[in-house]
Participant: 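Take a look at this one; I'll ask things after.
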Amino acid sequence: MPATTPAQPLLPQLLRQVRACRHCAASLPLPPRPIVQAGARARILIAGQAPGRITHERGIPFDDASGERLRRWLGVDRASFYDPDCFAILPMGFCYPGRGAHGDLPPRPECAPLWRQPLLDALPRIETTLLLGQYALAWHLPAQRGQRLTDTVRNWRTLWPAYVPLPHPSPRNQLWLRRNPWFEAELLPALRARVAALLR
């Protein structure tokens, strides 16, 4: 008989395991609260960094000023954005990592190796992955490591439509947006059209 391998957990079971995860509890400033959204029919994946303090408290991804800007970039309303069969939201770290000298700390390094590939394997319908910031870029596009984020985003057409590199939609990136007007003039209209087509 051919060798068999353990069956991949179904997505609902996998999400329960993720939400119960306490793997790096001792390294977190607050009790673990893994925040993730995914449905088996989702065609768009949002790969962010890690929940901020507000997201940790509310338990809802991108329920803040960054989320409002991201939804404008995508041209979607809250109902569509929070429909797990429209958008999977898998940050590189699922729990709030705490604050550092220059903002939130990086995602915990234990999270992606433990959970990311099993979750991606359970999302076979993903057609476009939005990469928000350097940590998502480094994991999903290792060949891009070492490049400036601006250069990777500027060359978005070379990755289109499987991947769309984006700056983080944080209000802190207002200066970046002013310095790079091509982003709103060229990339965002194409992104909105792509999202609309995938959500039809």
Side-chain angles (χ1 to χ4, degrees), residues 5-6 8-38 42 44-67 70 84 87-124 126 128-153 156 159 162-173 176:
T5 57
Q8 169 71 31
L10 296 175
L11 182 59
Q13 177 186 343
L14 189 55
L15 290 173
R16 284 194 295 273
Q17 293 172 359
V18 167
R19 290 174 177 136
C21 180
R22 300 297 179 264
H23 189 75
C24 58
S27 302
L28 296 173
L30 298 171
R33 190 179 191 182
I35 296 173
V36 58
Q37 170 181 303
I44 302 168
L45 169 63
I46 298 173
Q49 298 189 142
R53 181 69 181 257
I54 293 174
T55 297
H56 174 87
E57 291 170 356
R58 296 178 180 172
I60 303 171
F62 290 105
D63 189 28
D64 55 13
S66 295
L70 179 58
F87 290 93
I89 303 176
L90 305 180
M92 297 308 301
F94 296 147
C95 293
Y96 171 59
R99 292 281 292 179
H102 304 289
D104 287 351
L105 292 170
R108 289 297 312 169
E110 302 92 339
C111 198
L114 187 63
W115 294 116
R116 197 152 196 85
Q117 197 58 56
L119 283 165
L120 294 176
D121 291 343
L123 294 168
I126 296 296
T128 291
T129 297
L130 312 179
L131 303 172
L132 304 184
Q134 61 177 322
Y135 300 105
L137 279 164
W139 196 91
H140 286 270
L141 300 174
Q144 304 287 326
R145 284 181 185 156
Q147 286 194 19
R148 292 190 319 141
L149 175 67
T150 299
D151 293 335
T152 303
V153 177
W156 60 275
L159 304 167
Y163 295 101
V164 184
L166 299 169
H168 196 279
S170 167
R172 293 181 189 165
N173 277 339
W176 187 95

Participant: If I compare all heavy atoms of A38 with all of L90, which pair ends up nearest, and what's the gap?
Facilitator: CB-CD2, 4.5 Å
Participant: Taking only distance into account, with no hydrogens and no angle test, what donor-acceptor pairs under 3.5 Å do side-chain atoms of residues 47-54 form with protein atoms, sequence neighbours excluded?
Facilitator:
{"unit_1": "R53", "atom_1": "NE", "unit_2": "E57", "atom_2": "OE2", "d": "3.1"}

Participant: Sequence neighbours left out, what passes side-chain contact (heavy atoms from CB on, under 4.5 Å) with P84? Give chain and number order.
Facilitator: Q37
Participant: Do you know which two heavy atoms are closest between P32 and C21, and how far apart they sit?
Facilitator: CB-O, 3.9 Å
Participant: T55: what forms a side chain to side chain donor-acceptor pair (under 3.5 Å) with it, not counting sequence neighbours?
Facilitator: none
Participant: Can you tell if the side chain of L120 reaches within under 4.5 Å of the side chain of I126, non-hydrogen atoms only?
Facilitator: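 They are not in contact (no side-chain heavy atoms under 4.5 Å apart), so the answer is no.
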Participant: Mind checking whether P29 and L105 have side chains closer than 4.5 Å, heavy atoms only?
Facilitator: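 Side-chain contact under 4.5 Å: no.
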Participant: Locate the shortest heavy-atom distance separating S66 from P171; write the atom from each residue and the value.
Facilitator: OG-CD, 3.7 Å
Participant: Name all residues meeting the ring-ring contact (aromatic ring centres under 6.0 Å, His included) criterion together with F87; count only those two or more places apart in sequence or in a different chain, and write none if there are none.
Facilitator: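 For F87, the residues satisfying ring-ring contact (aromatic ring centres under 6.0 Å, His included) (neighbours in sequence not counted) are F81.
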Participant: To the nearest 0.5 Å, how far apart are CG in L166 and CG in L149?
Facilitator: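 Between atom CG of L166 and atom CG of L149 there are 9.0 Å.
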Participant: For residues 93-115, pull every pair meeting salt bridge (charged side-chain N to carboxylate O under 4.0 Å, His left out), keeping only residues two or more places apart or in separate chains.
Facilitator: R99-D104, R108-E110
Participant: Sequence neighbours excluded and cut-off under 3.5 Å, please list the side-chain donor-acceptor pairs for residues 129-142, or say none.
Facilitator:
{"unit_1": "H140", "atom_1": "NE2", "unit_2": "R116", "atom_2": "NE", "d": "3.2"}
{"unit_1": "H140", "atom_1": "NE2", "unit_2": "R116", "atom_2": "NH2", "d": "3.2"}

Participant: Please examine the side chains of I60 and I35, heavy atoms only from C-beta on, and report whether any two atoms are closer than 4.5 Å.
Facilitator: no
Participant: What pair of heavy atoms forms the shortest contact from L28 to P97, and how long is it?
Facilitator: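 Minimum heavy-atom separation between L28 and P97: CD2-CA, 4.3 Å.
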Participant: How long is the straight-line distance from CG of L159 back to OG1 of T128, given to the nearest 0.5 Å?
Facilitator: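 Rounded to the nearest 0.5 Å, the OG1-CG separation comes out at 11.5 Å.
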Participant: For P118 and L114, work out which heavy atoms get closest and say how close.
Facilitator: CG-O, 4.1 Å
Participant: With R58, which residues qualify under salt bridge (charged side-chain N to carboxylate O under 4.0 Å, His left out), at least two apart?
Facilitator: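 So R58 forms a salt bridge (charged side-chain N to carboxylate O under 4.0 Å, His left out) with D63.
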Participant: Listed by chain and number, what are the side chain to side chain donor-acceptor pair (under 3.5 Å) partners of S170, not counting sequence neighbours?
Facilitator: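 Checked S170 against side chain to side chain donor-acceptor pair (under 3.5 Å); zero matches.
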Participant: Taking ring-ring contact (aromatic ring centres under 6.0 Å, His included) as the definition, give me every residue that meets it alongside W115, ordered by chain and number, with sequence neighbours left out.
Facilitator: none
Participant: Any salt bridge (charged side-chain N to carboxylate O under 4.0 Å, His left out) pairs touching residues 10-36, not counting sequence neighbours?
Facilitator: none
